[in-house]
Amino acid sequence: MDPAGGAASALQLLGITKSYGSVVACDAVDLAINKGEIHGLLGENGAGKSTLMKILLGLVHRDAGSIVYGGKPVEINTPQVAAALGLGMVHQHFSLIEPLRVWENVILGDVGRIDRLAACRQVEEVGLRYGLPINPMARVEQLSAGERQRVELIKCLRRDPAVLILDEPTSVLTQAESAELFSVLRRVVQEENRAVILISHKLAEITAATDRVTVLSKGRVVFQSATGDTTATELARQMVGREVSLRAEAAALGVLPVEQYRVELASAEQVESASPDRPAALRLRELEVDVGGVAVVKRLSLDVRAGEIVGLYGVEGNGQSTLGDVLSGLVQPTSGSIELGGVPVELNRPGALQRAGLGIVPEDRHRCGVVLDMSVAENLSLKALGDIGGRHLLSRRKMHAVARRLVAEFNIVAPSLDAPVRSVSGGNQQRLVVARELSANPTVLVAAQPTRGLDVAAIEDMYLRLREAASSGVAVLLISTELEEVMELCSRVAVISSGRITGVLSIVEATAERLGMLVGGMAA
Amino acid sequence: MSVAGDVSTILASGVRLTGPLAFAACGEYIAERAGTMNISVEAMMLGGAFASVATASATGSATIGLVVGAAVGFAVAVLHGTLAHRAEINTFVVGLVLNSLVLGLTSYLIAVSRFDSHQVSLVSIPLLRDIPMVGRALFVERWPVYLLLVLVPLTWWLVERSRWGLELRAVGENPRAADVTGIRVNVRRRQALMWCGLLGGFGGAYLAVGEVGSFNQNMTAGRGYIVIAAVIFGAWRLGRTMLGCVLFGLADAMRLALPALGVTLNGQFLIAVPYVLALLAMLVFATQYREPKALGQPFERGSS
């Protein structure tokens, strides 16, 4: 297992297991973190990285296993215990309060009298020691993402942690800022013999900055090695290999509808070869989107043709949610255009995308998919009020007729047509969204994380609907963080990383290695 | 009457009308910095006014009346905090209900009881009171007014310099980040609300046993809302908030003085002036306006 364990080991996790209901988030994870090393933790969404770290920080309680810290078994029940032991974490999303000054943020959470001069001095001292220059009197809102990261680090390092955990620390940083961060981390482990756990899905980062690396997949440790003894290609295969090979296994065992898969493949190739000059049904051109001054989507271009399902795959937080918001019409891109059927859409008009024939199954159905306190029938007819009434009045009779037809056609189970949508299950809420969007006869359907939180039956149903839509000529864009889903449904996969499309592969080219490299932000 | 005399009269009346606003505004300022848009400051002031007159009548001491007035404001704050945080009722609904409740209750009680008149004593400052025009207006006052000289700097220090104030501002700006850092968000908010209760109650009491000497139905007549307008006018800064109180106090004094000066202007129109001023200030300074980001947003642990 771990040759470097024992005396040099700062922290050992033994057989850590945690399940949420029937979902096993961590499955007997063994992990040893040594003093003086940067330990990379690599894995996709749902691989169990976050749960493992939450257990370490006392935010989540494990079901089984033990934690050995400094040679002694410890119980970490609360974040306070974790902090007292010397475990510090820099969270992925900054926990700074913007209008406050740097020094105020740094001492927030302490107790006792405030000594501004001492606090400022400390910020400068810690900054000097680690090469994190920052003006303690600056207001956080005026700082760049990289400078904010420095404040987070100073806040953490000031408490003298033995183990420093960083969760996707470079997701909002530029290349230069990332390089700077890693040189600081190097100093932290080399000169002060601390341990650093670096959680990331970026292969370049892991190979360049870590000493050892552990790959988690589906809650298990699938690979562990000294970073020098492995390659990015190997890590890529280990990170996504299980799902891809699972699919091959399943196909071999006859679990998957192989026939349909072949048909889809064939038709995809047909479309591909037949249509270089035919305009794409959905064309995203050089989209750039800023959120709060940070470029989240960068020069993103993608075509989806009628009759195909294209997957947009990537680890969460790489800009796909924002792209979903753009396609919902909730966010306006800073530049670039969206064309439907070759015609650019005026994005500054609410509902323009919908009128142009785009249907959307949004990522968060409670936020923008359904109105929870309105009835099933009302929700079903929200997009087509013209069909169920005149200029001023709605006909309940017509509304119910439409709703009855859709409920039957899409197998929506609801206590009644007048029941509030809140009272039906998540799967049925999602069926309702799909029914409403497809009933408007769209030419393009965007489905963002359409199966998130659904049960198996509802997932099957969703897959069926998406396939049917594609075979009836709708261009389907599937935004998903689930590789299995993308592999099962799509004829082409576009991989998004840090807001850019790093590559588009046809499903036959999509090997674990190539996908893994693209997800990790490297060319493949 | 001479022009100097008119100015002196209006100034004196303006200072008297500013006092109650300034006390309550110090409280409202703290509550809003912590993220609570505290509408029930009107109830705190009105309750404090009634309680001070009743207590002064019963004990014969206007000073005890002031203390009890503040205590009643505090009680309203505790009620507000309990309903808004523990019972999780919308804070605006709670505020409106409390304002109506206290108005109804005090109107009933004043109709069925009789109170003797008591007033706190005047303090006049030698030498300064002899300054022409402004001397009598500024330096011959009921003694509680002079407390403002301590209270305003204290409020500033609490919010800007103490750890409590730092946590308060954190809670008002980004309760989730504050929570992650280990600050008990709703506890801080309730504490800020209670400060507001004490000061709002005191402000109302000062109006009753300080300036007027008696209680009449709906005595505060929307001064709580003026206080809220002053905090908005002040762009959530203490200095500007106090300036807002003075402006609104002077506008009120003008309204009372105009008929005596022989100017006929609709009094109802002048009642609207503070609000129009607040709106105009918001329009003019719109770019500089930086309200606490979480103002009026409830916080619940664990939800994201």
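Computed from a predicted model, the values in this text were never measured in an experiment.
- To the nearest 0.5 angstrom, A/L100 atom CG is 5.5 Å from B/R169 atom CZ.
- Closest non-hydrogen pair, B/R163 versus A/D110, comes out as NH1-O, 3.4 Å.
- Using a 4.5 Å cut-off between heavy atoms, A/L108 contacts chain B through both its backbone and its side chain.
- Residue B/R184 qualifies as open at atom CZ: its count of foreign heavy atoms under 6.0 Å is 12 or below.
- Contacts between B/I183 and chain A at a heavy-atom distance below 4.5 Å involve the side chain alone, from C-beta outward.
- Contacts between A/R116 and chain B at a heavy-atom distance below 4.5 Å involve the side chain alone, from C-beta outward.
- Neither the backbone nor the side chain of A/N105 has a heavy atom closer than 4.5 Å to any heavy atom of chain B.
- Across all non-hydrogen atoms, the minimal contact from B/A170 to A/I97 is CB-CD1, 3.2 Å.
- Taken from CD1 in A/I107 to CG in B/L166, the straight-line distance is 5.5 Å, to the nearest 0.5 Å.
- Closest approach of A/L96 and B/A177 over heavy atoms only: O-CB, 4.3 Å.
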